[in-house]
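Written below as C-alpha cells is the structure these notes are about.
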Amino acid sequence: MSICGIVAEYNPFHEGHAYQISEIKRQGAKEVIVVMSSSFVQRGEVAILPPRVRAKAALLGGADLVLAMPVLFSCAAAPSFAFGGIASLLATGLVDEISCGSESGNLSSVMALARLLFQESAPLKQALHAAQHHCFSFAQAREQAVYTLAPTLAPLLRQPNDLLAVEYAKVLLRLAPHVPLHLIQRQGQGHNDCFHTGGFASATTLREALKQKDQPFLENHIPPAALSVYRDALQKGQGPCATESLFSALQYALRRSSAMDLSDILEVDHGLEHRIISLFATASSWADILARLQTKHMPRSSLSRALVHILLGITSLHLQQVQHTKTVPYLRVLGVRREKRNLLSRLAASSTVPVITQVKPALSRLPSLALQTLYLDLLASDLQAMLYPNPAQRQCGQSLTEPLLVV
C-alpha cells in the first residue's frame, strides 16, 4: 500500500480520526488523501466550522492532501454520499486502497453484504418487495429483506459506519473492483452518541462541546493542533454554525416556490412538496418544520437534506446526470501538507477529471455540468458564511479567492 484514500466529514476532526490516519500509516501507507464534506454534511446539517478550517485540522492531524466533496454528494443519502467520496478518490488516479471506519471490523461480512445488494438478485428483489408491504421505510424493508436471505449480515445495516462501508464497497464493485477496501474498527463512542462513555468521543458530543465552549472536554478529545485551529476560527467568529439559523432563509425560499417547483428538488418526493407547502407557513423554526414533516416513512435526516436541497436548488436530475458519468465533475483541492506538495503535480498528471486549486480561474474552463456543480459549492459556502457569529466574516464569494492551504 502506498497511497490510501479516506472519505470523511471531520465535523470536527478528533482523536478517533487521528487514530485512523496513524493506523493506516503504521500499516504501510506512505500518504493519505482525504475527500472531505465541505459546507454541508450527510445528515442534512451545516458543518459546524468552514471547510478550510476543518481541512487544516486534518492536515495537522496527519492527512497529506484534502479534497472537497461537492455538496451535491456531501449532503445526500448514503449511496450518493459514498459515490461522491469513492469516485473522487478513484479520479485522483493515485489511490491504491480505501480505508474506512467500521463498528464490526468484519471485512468479509461487509463485502458479502455489498455483493448481495450490488447484484440485486431475483430473491433479494422478491424479499424486498414482500418486506415493503409491512415496513415503514425503505431502510427497514431492505434490512428485513437481507435478514430473510442472510440473517447474519442484516445487523450491519443498523450501524452507521458499517452501513457506509457497505455503500463504499458497492461503489468499488461498480467502478473499481480491483481497489481493496480496508476497515479500521471504530474505538470509543458510537458515531451519533450524545453522551461520553469513555474512549474516543463522538463527533456529535464534540460539536455540542464546541457550542458550549467546554474547553476541558475539548482538550481531552481533540488533538492539540486541531484544537488550536478551532479556537482561532471561533475567536474570529467563523463558527459554531447552526442549521437552525437557516430557518429564515428557508422561509424566504419556500415563499417564492410552488409545489411544482419543489417537485424537482432532490429528496422531495412521494408528495412531500405538498406537505411542505401546507405546513411551513405556521412553523416557528427549523426543528419545528422537521417535527411536523417527520413520519414513520420519512426519517429526520432525509427531511433535513430535502430542506437544504431546497435552499441550494439541488435537483434530482442534476445528481442523476453527474452519477451517469460514473465519476465526479472535478477535484477541488482544499489543502496539502508542505512536505507533500509534490502530490499536487502528481495529481495534475494522473487525475481523470479537472483539478481545481483556485476556484476563480476554473470558472472559465469547466464544462457546463461541472460548472453547475461548482456553483452549488460556492452557494453552499456563502450560505454557511451567513451563519458566522461575526458579521465581519460573512462576506460573499470567499471561496472564489481563498488561496490553497499549505501547512
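Just so it is clear, the structure is predicted and the values come from calculations on it, not from any experiment.
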Arg142/Glu167 under salt bridge (Lys or Arg N to Asp or Glu O under 4.0 Å): CA gap, chis, key distance, verdict: CA-CA 13 Å; Arg142 184 173 68 166; Glu167 294 295 345; 3.3 Å; yes
So do the side chains of Val179 and Ile86 get within less than 4.5 Å of each other, counting heavy atoms only? no
Between Ser263 and Asp261, is the side chain to side chain donor-acceptor pair (under 3.5 Å) condition met? List the steps. CA-CA 6 Å; Ser263 64; Asp261 295 329; over 6 Å; no
Any sub-3.5 Å donor-acceptor pair from Arg341's side-chain atoms to Arg338's backbone N or O? yes
Run the salt bridge (Lys or Arg N to Asp or Glu O under 4.0 Å) check on Glu103 and Arg158 step by step: do they pass? CA-CA 10 Å; Glu103 288 88 358; Arg158 300 175 190 168; over 6 Å; no
Can you tell me if Gln398 and Glu402 form a side-chain donor-acceptor pair at under 3.5 Å? no
Give, for atom OH of Tyr168 and atom CG of Leu173, the distance between the pair rounded to the nearest 0.5 Å. 15.0 Å
If the condition is salt bridge (Lys or Arg N to Asp or Glu O under 4.0 Å), which residues does Lys213 pass it with, not counting sequence neighbours? none
Interatomic spacing from CZ in Arg52 to CG in Leu334 - rounded to 0.5 Å: 8.5 Å
Check whether Ser350 reaches the backbone of Arg346 with its side chain - one donor and one acceptor, N or O, closer than 3.5 Å. yes
Is Glu120 salt-bridged to Lys170, going by a charged N under 4.0 Å from an acidic O? no
Residue from Gln42, Arg305, Met69 passing side-chain contact (heavy atoms from CB on, under 4.5 Å) with Cys75: Arg305
One pair to check against side chain to side chain donor-acceptor pair (under 3.5 Å): Thr204 and Arg207. What are the steps and the verdict? CA-CA 5 Å; Thr204 301; Arg207 285 193 295 274; 3.3 Å; yes
Can a donor-acceptor pair be found, under 3.5 Å and without considering hydrogens, that links the side chain of Asp162 to the backbone of Ser104? yes
With sequence neighbours left out, what residues match Gln323 under side-chain contact (heavy atoms from CB on, under 4.5 Å)? Phe73, Ser80, Phe83, Leu319
Between Asn220 (side chain only) and Pro216 (backbone N and O only), is there a donor and an acceptor less than 3.5 Å apart? yes
Do Ser304 side-chain atoms and Gly44 backbone N/O form a donor-acceptor pair below 3.5 Å? yes
Any donor-acceptor pair under 3.5 Å from His309 side chain to Ile265 backbone: no
Restricting to salt bridge (Lys or Arg N to Asp or Glu O under 4.0 Å), what partner residues turn up for Lys25, sequence neighbours left out? Asp64
When you measure from the side chain of Ser109 to the backbone N and O of Asn106, does any donor-acceptor pair fall under 3.5 Å? no
Please confirm whether the backbone N or O of Met36 pairs with a side-chain atom of Arg54, one donor and one acceptor, at under 3.5 Å? no
Using 30° and 60° as the class limits, which term best fits the ring planes of Tyr10 and Phe13: parallel, tilted or perpendicular? perpendicular
Main chain of Thr315, side chain of Asp264: is a donor-acceptor contact present, judged purely on distance under 3.5 Å? no
